[in-house]
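A quick write-up on the structure given underneath.
In listed order, ligands and their atoms are each counted from 1. Just so we're clear, the structure is a prediction, and the values are computed from it rather than from any experiment.
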Amino acid sequence: MTKKHTLFLLLFTACLGLGATGLLQSCETKAEKGKSEHAAATAAEGAAAVKRLPFGKLKNGTEAYLYTLTNKHNTQATFTDYGGRLVSLQVPDKNGKMTDVVAGMSGVAAYASNTDAYFGATIGRYGNRIANGKFTLDGKEYTLSVNNGANTLHGGKKGFQKVMWEAQQPDARSVVFQYLAKDMEEGFPGNLHVKVTYTLTDENELRMDYEATTDKPTVVNLTNHAYFNLNGEGSGDILGHRLQINADTYTPVDATLIPTGKLAPVAGTPFDFRKPTPIGASIETENEQLTNGKGYDHNYVLNKEKSTGMTRAASVTGDKSGIVMDVYTLEPGLQFYSGNFMKGKNTFKGGSKDDYRTAFCLETQHFPDSPNQPSFPSTVLKPGETYRTSTVYKFAVQK
Ligand code: GAL
């Protein structure tokens, strides 16, 4: 390692000691540092305290920014307008130590050059896969941008994760991202206006409210693709996390991760997370579905607890931190992805690599390939209708 590298690393690590958000603020100027130390106090003063911070430039010169939300517990969520993306989330662990539970990168250039473009991003126009990049709507066949073998994944080559969103931060508790996906962008019909509002509540909930309208019939399936490690970003694999998913069935997939169309019971299989179970308990079991997914990469069909309102979808506990994350959603499905494609090729903001299974995703969603699966809940949106959905990630510590 050269001296220059060592110096950079030292500086980087020193900055990170202050926490990811603190870092990005404190590495600006001394005046900024003073402000970041009083972030909680100033946040409470309202809109006057809200400001964005630079997050670097894309190759084409476009500048990206960071937006920080803070609540009364000093919990902090940081977002960037590149991909309408969650960059970090600092929550207290069982000892009160602030822990960054979201894996993210140190600047916009790192996100743009990442081998996995999805870290923390808002995903659309269609979350997860559409078989062979084709679907038929009102008798017309549409051909999409294909980016995952023969299939379309997460909206195509330039899904919502790779575009700049227009950002507004009305107050210290929320940030609003908007994006207009043009008619036929990535092959999807209709100008789709998308709005995502992220809110950090005093109950330590990160709330995501999505809205979309179109001028032609289209398909929509929006989600957030945060990669979590509840023991903290870069603190080893997630196999010891205890996971509970409120689902009796899931949608099995073929070898290209397209659902077969059937719903399979989880009972008696490695897919049974109805009771809290370590993620690693059965992940290496000989099982065709685990082979197809290279681990867990499956859509769970959520049990509906009541006819209206949000369903409690899942609960996860970090075995070392005691941090508990509960997931609530209006969506019918939940993609549980155990980080099987992570290969240590990208560097997180804390300096560690994105090693195999060092983070997991719980993406609330409609089922993969719904546009080609008549028995799945519909993802069609028509002009005059408003797509609305919400998801909450709620944080606490194990008692
Ligand atoms: C998941 C998807 C996985 C993988 C991951 C991103 O949502 O189901 O197969 O593509 O995103 O790497």
Side-chain angles (χ1 to χ4, degrees), residues 83-86 102-105 110-133 144-162 186 208 221-229 237-238 243 245 247 250-260 271 279 283 289-302 313-314 316 327 329 331-346 348 353-370 373 376 379 391 393:
R85 188 184 300 267
L86 177 60
V102 165
M105 308 300 150
Y111 278 111
S113 62
N114 229 42
T115 57
D116 182 330
Y118 309 115
F119 278 92
T122 301
I123 301 293
R125 160 174 333 199
Y126 196 93
N128 215 281
R129 291 173 177 79
I130 296 181
N132 299 312
L144 307 172
S145 144
V146 160
N147 59 337
N148 189 248
N151 303 323
T152 298
L153 174 64
H154 296 326
K157 286 194 184 90
K158 196 175 176 190
F160 293 179
Q161 75 282 352
K162 283 193 179 165
E186 302 297 276
M208 296 165 256
N221 189 24
L222 305 179
T223 192
N224 177 280
H225 208 306
Y227 278 72
F228 293 100
N229 185 324
D237 71 53
I238 43 77
L243 169 66
I245 304 179
Y250 73 106
T251 52
V253 288
D254 68 15
T256 71
L257 289 163
I258 295 294
T260 60
F271 290 84
I279 290 176
I283 202 166
Q289 282 303 312
L290 286 175
T291 303
N292 287 352
K294 301 188 167 49
Y296 296 104
D297 194 354
H298 294 78
N299 170 65
Y300 281 78
V301 179
L302 296 171
V316 201
V327 184
T329 189
E331 287 299 300
L334 180 76
Q335 186 80 15
F336 168 38
Y337 169 59
S338 53
N340 316 309
F341 296 116
M342 298 175 80
K343 291 196 179 99
K345 289 203 171 144
N346 306 293
F348 290 141
K353 293 282 181 196
D354 65 336
D355 289 326
Y356 189 51
R357 294 180 175 162
T358 53
F360 67 89
C361 304
L362 289 174
E363 304 148 63
T364 58
Q365 61 183 7
H366 270 55
F367 305 171
D369 199 33
S370 296
Q373 304 266 1
F376 288 176
T379 51
T391 290
Y393 292 126

| said: Just to verify, what does N151 make a side chain to side chain donor-acceptor pair (under 3.5 Å) with, not counting sequence neighbours? | reply: T256
| task | Could you pull out the closest heavy-atom pair between H154 and N128, with the gap in Å? | result | ND1-N, 2.8 Å
| query | Within the side chain of N299, is there an N or O that forms a donor-acceptor pair under 3.5 Å with the backbone of G333? | reply | no
| Pairs flagged by salt bridge (Lys or Arg N to Asp or Glu O under 4.0 Å) wherever residues 357-368 is involved - sequence neighbours left out | E284-R357
| message | Would you say the rings of H225 and Y227 are close, in the sense that their centroids are separated by under 6.0 Å? | response | yes
| message | Once side chain to side chain donor-acceptor pair (under 3.5 Å) is applied, do any residues pair with N114, and if so which ones, sequence neighbours excluded? | response | none
| request: Identify, chain by chain and in numerical order, each protein residue with a heavy atom under 4.0 Å from an atom of ligand 1. | output: D116, Y118, N128, R129, L153, H154, H225, Y227, L257, D297, Q335, Y337, F341, E363
